[in-house]
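Chain identifiers are assigned alphabetically (A, B, ...) following the order of the sequence lines, protein sequences preceding nucleic acid strands; residue numbering begins at 1 within each chain.
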Amino acid sequence: MPPPIIGYCRATGKPLTAEEATYVDGFLYSKEFAATMKKEASPYTAPDPASNPALDASSGWAFILGLIPGVGAIYNQQYAKGLIHIVVFAFIITALDKTNAQAFFVPLLIGWIFYMPFEAYHTARKRQLGQPVDELSGVLDLPEGFKKLPVGPVILIVAGVLFLLDNFGLLYLDQFVRFWPLLLIAAGVLMLFKRAQAWSQPEDSRAD
Amino acid sequence: MTLGVLLAIDHNGGMRVVRTWPILIIVFGLLKLGEFAVADQPAKTSGGL
């Protein structure tokens with residue numbers, strides 16, 4: 001009996017068995033096509049280490065400034081990440097003020113306060129060593145195995161948990177719904193950043 | 001199955017479905033995640049679904 005078809009390659013439309021399929025950025029591709037995608041240089045990827053000159057950023061200062069939401073990331077010239085740090089911090093503080101789920105949000109706040117300076121410290125160290133650092137490294141810098149994680153199922157699970165907490169009175173989503181325009185602002189900043197990053201690449205890598 | 005379990009709990013005086021329905025979304029997300037995991041397994045272990 002032939003193996004069952006589980007889907008179709010997003011690029012070529014070829015029917016795929018479980019053996020032939022793979023996910024790239026949450027989309028289904030044939031392993032064959034995915035291999036060719038990796039070979040093509042993306043205009044959105046960080047430059048090679050050799051072309052990333054070492055900076056004299058102080059990791060100590062990065063750590064200290066990282067205690068202030070967003071400032072450590074801004075010190076490391078990561079403005080979109082700085083904005084994300086500020087938005088997450090504001091979200092946690094608002095949640096602490098408006099909900100009864102202190103048991104969840106207090107450890108989250110403590111973890112976030114510790115995360116920001118350490119993240120800024122490691123980013124500054126990478127910059128000192130001339131290693132490539134993309135804008136959202138640390139925020140979305142998942143291990144290689146997790147990079148292929150499909151976004152859709154994760155969003156479904158997170159949404160389900162949030163609705164469940166809301167239904168049981170542990171979280172009041174309506175308090176956060178009023179802040180939905182922040183999502184538009186964040187999306188706009190990310191798009192702007194990606195566009196700026198694409199234009200900052202050398203002319204020959206933008207040719208296609 | 002999940003819907004059946006939630007309705008059974010509701011009908012037997014437990015938690016109401018109007019409160020537990022997000023479990024359906026969570027289970028669906030977990031199933032999709034499992035589907036992804038199966039599809040992404042190395043060839044030698046993916047003889048079928």
Worksheet, complete the sentence: From the list B:Leu31, B:Leu30, B:Val27, the residue making the most non-hydrogen contacts under 4.5 Å with chain A is B:Leu30
Worksheet item: Per the side-chain contact (heavy atoms from CB on, under 4.5 Å) rule, which among A:Ile157, A:Val161, A:Leu164, A:Leu162 passes with B:Pro22?
Response: A:Leu164
Fill in: Most contacts with chain A, counted as non-hydrogen pairs under 4.5 angstrom, among B:Met15, B:Lys32, B:Arg16, B:Arg19
B:Arg19
Worksheet item: Which heavy atom of A:Pro153 sits nearest a heavy atom of B:Gly29, and at what distance?
Response: CB-O, 3.5 Å
Discussion item. Working note: A:Phe168 + B:Thr20, criterion side-chain contact (heavy atoms from CB on, under 4.5 Å); need CA distance, chi angles, decisive distance, verdict.
Written reply: CA-CA 9 Å; A:Phe168 282 91; B:Thr20 56; 4.1 Å; yes
Item to complete: Starting from the C-alpha separation in whole Å, work towards a yes-or-no answer on side-chain contact (heavy atoms from CB on, under 4.5 Å) for B:Ile26 and A:Phe163.
Response: CA-CA 10 Å; B:Ile26 297 171; A:Phe163 283 129; over 6 Å; no
